[in-house]
Amino acid sequence: MEFAELIKKRYSVRAYKADAVEDNKLQQVLEAARLAPTAANRQPFRIIVIHTAGREAELKRIYHRDWFVQAPLLLCACGVPAQAWRRSDGKNYTDVDVSIAMDHLVLAATDLGLGTCWVAAFNPAAARQVLCLPDDVEPIAFTPLGYPADQLRPKERKPLSELVHYEKW
Ligand SMILES: Cc1cc2nc3c(=O)[nH]c(=O)nc-3n(C[C@H](O)[C@H](O)[C@H](O)COP(=O)(O)O)c2cc1C
């Protein structure tokens, strides 16, 4: 898909079909994340691939929406802050790196006809418990991965004039 079309077609999918995601498509989505740039190429992200079948109840402890467990797959993008690059003032870039990897996989999924929805409003303690995360791994975002059962909505966005400054603030 042409890039300008791809970024218009991506939307937050909040209803999924039960249809399986082909393994070669899952691998393409994961490969897109792998190729993402990261600060100093530290690659401090990890992705957990979760099959939802039979685990719906425990997964809904992480985020209590029916659509969260409706797709056959759920992905959790995690950060490993100790592995991430830090700026000279100490700022840790884990969240930025994880977000770029996540966006790569989200766009790759869209290109393959798959739906995703960023989820950050989850319960991190439940995520840690259900996914057996080690203490040094931070869950940053989830997305279901499956075929959409809803429709693209019109995008509501601020105008560029509000978002962009030229030369100075
Ligand atoms: C970092 C981030 C966190 C988000 N967390 C949630 C969430 O917890 N639950 C949810 O339903 N949508 C979540 N969203 C989706 C946004 O609400 C959505 O991207 C935004 O409203 C624009 O709509 P669109 O994605 O359909 O273009 C999140 C999006 C981002 C980028």
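In listed order, ligands and their atoms are each counted from 1. Throughout, numbering of the chain's residues begins at 1 and tracks the sequence.
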Chemist: If you measure from each non-hydrogen atom of Lys155 to ligand 1, which part falls under 4.0 Å: side chain, backbone, both or neither?
Modeler: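 For Lys155, only side-chain atoms sit under 4.0 Å from ligand 1.
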Chemist: Please say whether Ala121 places an N or O atom under 3.5 Å from an N or O atom belonging to ligand 1.
Modeler: yes
Chemist: Between Asp150 and Tyr16, do the side chains contain a donor N or O and an acceptor N or O under 3.5 Å apart?
Modeler: no
Chemist: Considering only heavy atoms of Val119, which atoms of ligand 1 have at least one such atom less than 4.0 Å away?
Modeler: 5 (N), 6 (C), 7 (C), 8 (O)
Chemist: Contact between ligand 1 and Tyr63 is defined here as a heavy atom of the residue under 4.0 Å from a ligand atom; is it met?
Modeler: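 The answer is yes: ligand 1 sits under 4.0 Å from a heavy atom of Tyr63.
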Chemist: Does Arg61 come within less than 4.0 Å of Glu58, counting only side-chain N to carboxylate O?
Modeler: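 Salt bridge between Arg61 and Glu58, a charged N being under 4.0 Å from a carboxylate O: no.
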Chemist: Under 4.0 Å between a Lys/Arg side-chain N and an Asp/Glu carboxylate O for Glu5 and Lys9?
Modeler: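 Between Lys9 and Glu5 there is a salt bridge, with a charged N closer than 4.0 Å to a carboxylate O.
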Chemist: For Trp67 and ligand 1, does the shortest N/O to N/O distance drop below 3.5 Å?
Modeler: no
Chemist: Show your reasoning for whether side-chain contact (heavy atoms from CB on, under 4.5 Å) applies to Leu112 and Gln28.
Modeler: CA-CA 9 Å; Leu112 294 166; Gln28 288 180 69; 3.6 Å; yes
Chemist: Out of Met102, Lys8, Arg10, Arg14, whose heavy atom is nearest to atom 16 (C) of ligand 1?
Modeler: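 Minimum heavy-atom distance to atom 16 (C) of ligand 1 goes to Arg14.
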Chemist: Would you tell me which option among Phe142, Phe68, Phe122, Trp118 has the nearest heavy-atom contact to atom 28 (C) of ligand 1?
Modeler: Trp118
Chemist: With a 4.0 Å cut-off on heavy atoms, is Arg157 in contact with ligand 1?
Modeler: yes
Chemist: Are Asp89 and Arg87 within salt-bridge range, i.e. N to O under 4.0 Å?
Modeler: yes
Chemist: When you measure from the heavy atoms of Arg153 to every atom of ligand 1, does any distance fall below 4.0 Å?
Modeler: yes
Chemist: Cys78 pairs by side-chain contact (heavy atoms from CB on, under 4.5 Å) with which of Ile47, Leu131, Val137, Val98?
Modeler: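 Answer after filtering Ile47, Leu131, Val137, Val98: Val137.
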Chemist: Please write down residue, atom name and distance for the protein heavy atom closest to atom 5 (N) of ligand 1.
Modeler: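 Protein heavy atom with the smallest distance to atom 5 (N) of ligand 1: Ala120 N, 3.1 Å.
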Chemist: Would you confirm whether any non-hydrogen atom of the protein falls under 4.0 Å from atom 30 (C) of ligand 1?
Modeler: yes
Chemist: Look at atom 25 (O) of ligand 1 and say which protein heavy atom is nearest, naming residue and atom and giving the distance to 0.1 Å.
Modeler: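 The closest one turns out to be Ser12 OG, 2.6 Å.
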Chemist: Hey, what's the ring geometry for Trp67 with Tyr63, parallel, tilted or perpendicular (30° and 60° as the breaks)?
Modeler: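 Aromatic pair Trp67/Tyr63 classed perpendicular.
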Chemist: Given Trp118, which of Ile140, Asp103, Thr143 fulfils the side-chain contact (heavy atoms from CB on, under 4.5 Å) condition?
Modeler: Asp103
Chemist: Any nitrogen or oxygen of Tyr11, main chain or side chain, under 3.5 Å from a nitrogen or oxygen of ligand 1?
Modeler: no
Chemist: Going by distance alone, is a donor N or O of one side chain under 3.5 Å from an acceptor N or O of the other, for Arg86 and Tyr93?
Modeler: no
